[in-house]
Amino acid sequence: SRYETSLAQIRRFINFATEEKREQKNSKTTKHKRVMDNRIQCINEAAAYLGQFVKESPLAGIVLGSGLGKLADKIEEPTVIPYKSIPNFAVSTAVGHKGNFIVGKLAGKPVIAMQGRFHYYEGYTMDKVTLPIRVMAKLGIKYLFVSNAAGGVNFSYKMGDLMIIKDHINLLPNPLIGPNMEEFGTRFPDMTRPYDPSLIAAMEQIAAERGIALQKGVYLASSGPSYETPAEYKFFRTIGADAVGMSTIPEVIVARHSQIPVFGVSVITNEAHDDYAPDYENDGDDVVAVADKAADTLTELFTALIATLK
């Protein structure tokens with residue numbers, strides 16, 4: 001009958017729609033697996049290459065920001081691996097970033113240090129920006145030390161100050177967006193203490209013993225590469241930031257995803273206020289110059305803290 005014919009057509013349509021939906025779901029799942037497998041493959045290939053130069057599992061990974069590459073000069077028995085030689089790695093284009101891994105010892109402890117990092121503003125994806133942290137996790141680091149050059153939003157901060165990062169505000173894309181890499185960590189990692197309290201306390205004691213004054217505050221990361229406007233600085237101060245930069249936080253999130261304790265320091269390289277003189281301008285070369293002057297003190301502090309690690 002006409003009714004039975006219509007019913008059969010409806011059933012065929014429902015079956016077709018159900019099958020099409022199932023195929024779309026399977027295709028999406030396959031695509032996600034392919035994306036995830038590609039990320040893992042990139043990490044493993046880079047780690048395998050770097051592993052050739054690592055004689056002893058590194059205790060700490062160190063990320064050195066703008067003008068702070070001097071610490072790498074203090075590493076003993078150094079092996080230098082340019083980023084451009086490492087499979088799947090990006091190339092540092094930022095001023096003051098040499099673009100090398102240094103494998104060796106600091107304070108007698110095995111370390112792996114990055115002379116320069118990758119930034120989101122360079123046009124790299126978050127997977128590329130944080131690839132070095134994933135690779136260092138694969139190589140077995142137990143701690144991550146991060147440093148950066150930052151603008152002092154807090155009115156009490158002066159150029160050349162060192163600020164222990166106690167917390168952060170992230171205005172960059174979260175690097176964990178996308179399929180979760182279960183072998184590194186849980187889908188929703190806790191960020192209650194992104195910067196390790198015991199490492200902060202140890203550094204405060206080390207600095208006090210040496211008569212070195214330190215600030216302690218909240219670091220905010222925006223995308224860059226343009227410097228922030230006075231209105232933005234005022235906004236950042238209002239929401240609780242003490243210093244502002246364009247990096248670091250994605251690395252910290254990825255490290256905490258793998259439950260690696262993190263210690264961070266910002267070198268205050270310019271006073272990021274909203275009451276500038278009429279002719280004031282932010283200048284990238286000035287930022288690097290100020291960071292360079294603070295590098296010796298930062299090297300002393302990082303070395304002393306790493307010496308206490310087990």
Side-chain angles (χ1 to χ4, degrees), residues 36-65 68-69 71-92 97-118 124-147 175-176 180-186 189 194-196 199 247-264 302-303 305-310:
M36 183 162 58
D37 289 346
N38 183 59
R39 290 182 299 163
I40 296 293
Q41 182 180 347
C42 287
I43 294 165
N44 289 341
E45 287 174 354
Y49 179 83
L50 274 172
Q52 302 174 82
F53 306 97
V54 178
K55 300 174 183 177
E56 185 178 358
S57 182
L59 178 65
I62 308 169
V63 183
L64 300 169
L68 298 171
L71 185 145
D73 298 333
K74 301 294 183 181
I75 293 177
E76 302 163 350
E77 304 171 30
T79 299
V80 180
I81 307 103
Y83 294 158
K84 62 184 179 182
S85 71
I86 304 171
N88 309 311
F89 260 54
V91 177
S92 292
H97 292 248
K98 290 187 178 180
N100 298 314
F101 261 122
I102 313 288
V103 176
K105 291 191 175 183
L106 190 64
K109 304 296 174 74
V111 299
I112 180 168
M114 294 179 64
Q115 274 188 307
R117 54 161 54 91
F118 309 130
Y124 297 128
T125 65
M126 277 299 168
D127 285 339
K128 285 289 186 184
V129 169
T130 58
L131 176 61
I133 309 303
R134 296 289 192 197
V135 169
M136 288 193 285
K138 275 282 186 179
L139 293 174
I141 64 168
K142 300 295 187 292
Y143 303 90
L144 180 68
F145 286 64
V146 293
S147 66
L176 303 184
N180 185 47
M181 290 187 276
E182 295 290 339
E183 66 182 84
F184 285 96
T186 181
Y195 303 88
D196 190 76
L199 294 177
S247 67
T248 304
I249 293 177
E251 300 155 358
V252 173
I253 292 173
V254 165
R256 295 304 300 138
H257 186 228
S258 292
Q259 298 187 329
I260 296 170
V262 177
F263 177 78
F302 269 25
T303 302
L305 183 54
I306 288 172
T308 68
L309 301 180
K310 297 178 181 179

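Position 1 is the first residue of the sequence, and the numbers go up from there.
The closest donor-acceptor contact from the side chain of Tyr124 to the backbone of Thr130 lies at 3.5 Å or more, if one exists at all. Using a distance-only test at 3.5 Å, with no hydrogens or angles considered, no donor-acceptor pair links the side chain of Glu45 to the main chain of Cys42. Judged purely by atom type and a 3.5 angstrom limit, Thr186 has no side-chain atom pairing as donor or acceptor with the backbone of His257. Judged by distance alone, the side chain of Lys55 and the main-chain N or O of Phe53 form no donor-acceptor pair under 3.5 Å.
Val135 and Ala46 make their closest contact through CG2-CB, 3.7 Å (heavy atoms, listed as atom of the first residue, atom of the second, distance). In terms of heavy atoms, Ala107 sits closest to Thr303 at CB-O, 3.6 Å. Of all the heavy atoms in Ala137 and Ser258, the pair that sits closest is CB-OG, 4.4 Å. Nearest heavy atom pair, residue Ala113 against residue Ile75, reads CB-CD1, 3.7 Å. Contact record, Pro261 with Gln259: CD-O, 3.6 Å, taken as the closest heavy-atom pair. Across all non-hydrogen atoms, the minimal contact from Thr248 to Ser147 is OG1-O, 4.2 Å.
Atom-to-atom distance recorded for Leu64:CG and Ile102:CD1 is 9.0 Å, nearest 0.5 angstrom. For the atom pair CG of Asp196 and CZ of Arg256, the computed distance is 7.5 Å after rounding to the nearest 0.5 Å. Atom-to-atom distance recorded for Leu59:CG and Leu309:CG is 5.5 Å, nearest 0.5 angstrom. In this structure, Lys109 NZ and Glu56 CD are separated by 10.5 Å, a value rounded to the nearest 0.5 Å. A distance of 7.5 Å separates CD1 of Ile43 from CG of Asp127, quoted to the nearest 0.5 Å. One finds the CE atom of Met181 at 3.5 Å from the CZ atom of Arg134 (value rounded to the nearest 0.5 Å).
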* Report the C-alpha distance between Leu305 and Phe145 in whole Å, list the side-chain angles of each, state the deciding distance to 0.1 Å, and finish with yes or no for side chain to side chain contact (heavy atoms under 4.5 Å, CB included). => CA-CA 10 Å; Leu305 183 54; Phe145 286 64; 3.5 Å; yes
* To do: Verify ring-ring contact (aromatic ring centres under 6.0 Å, His included) between Phe118 and Tyr83, making sure each step is shown before the conclusion.
  => CA-CA 10 Å; Phe118 309 130; Tyr83 294 158; 5.1 Å; yes
* Derivation of the side chain to side chain contact (heavy atoms under 4.5 Å, CB included) call for Val111 and Tyr143 -> CA-CA 10 Å; Val111 299; Tyr143 303 90; over 6 Å; no
* To do: Carefully, step by step, assess Met136 and Ile260 under the rule side chain to side chain contact (heavy atoms under 4.5 Å, CB included).
  => CA-CA 10 Å; Met136 288 193 285; Ile260 296 170; over 6 Å; no
* To do: Begin with the C-alpha distance, continue with both residues' side-chain angles, and end with the deciding distance and a verdict on side chain to side chain contact (heavy atoms under 4.5 Å, CB included) for Asn88 and Lys128.
  => CA-CA 8 Å; Asn88 309 311; Lys128 285 289 186 184; 4.2 Å; yes
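Looking at heavy atoms from C-beta onward, Pro175 lies out of side-chain contact with Val129 at the 4.5 angstrom threshold. At least one side-chain heavy atom of Phe101 sits less than 4.5 Å from a side-chain heavy atom of Phe89.
Between Ile62 and the options Val146, Ile141, Ile112, Leu106, a side-chain contact (heavy atoms from CB on, under 4.5 Å) holds for only Leu106.
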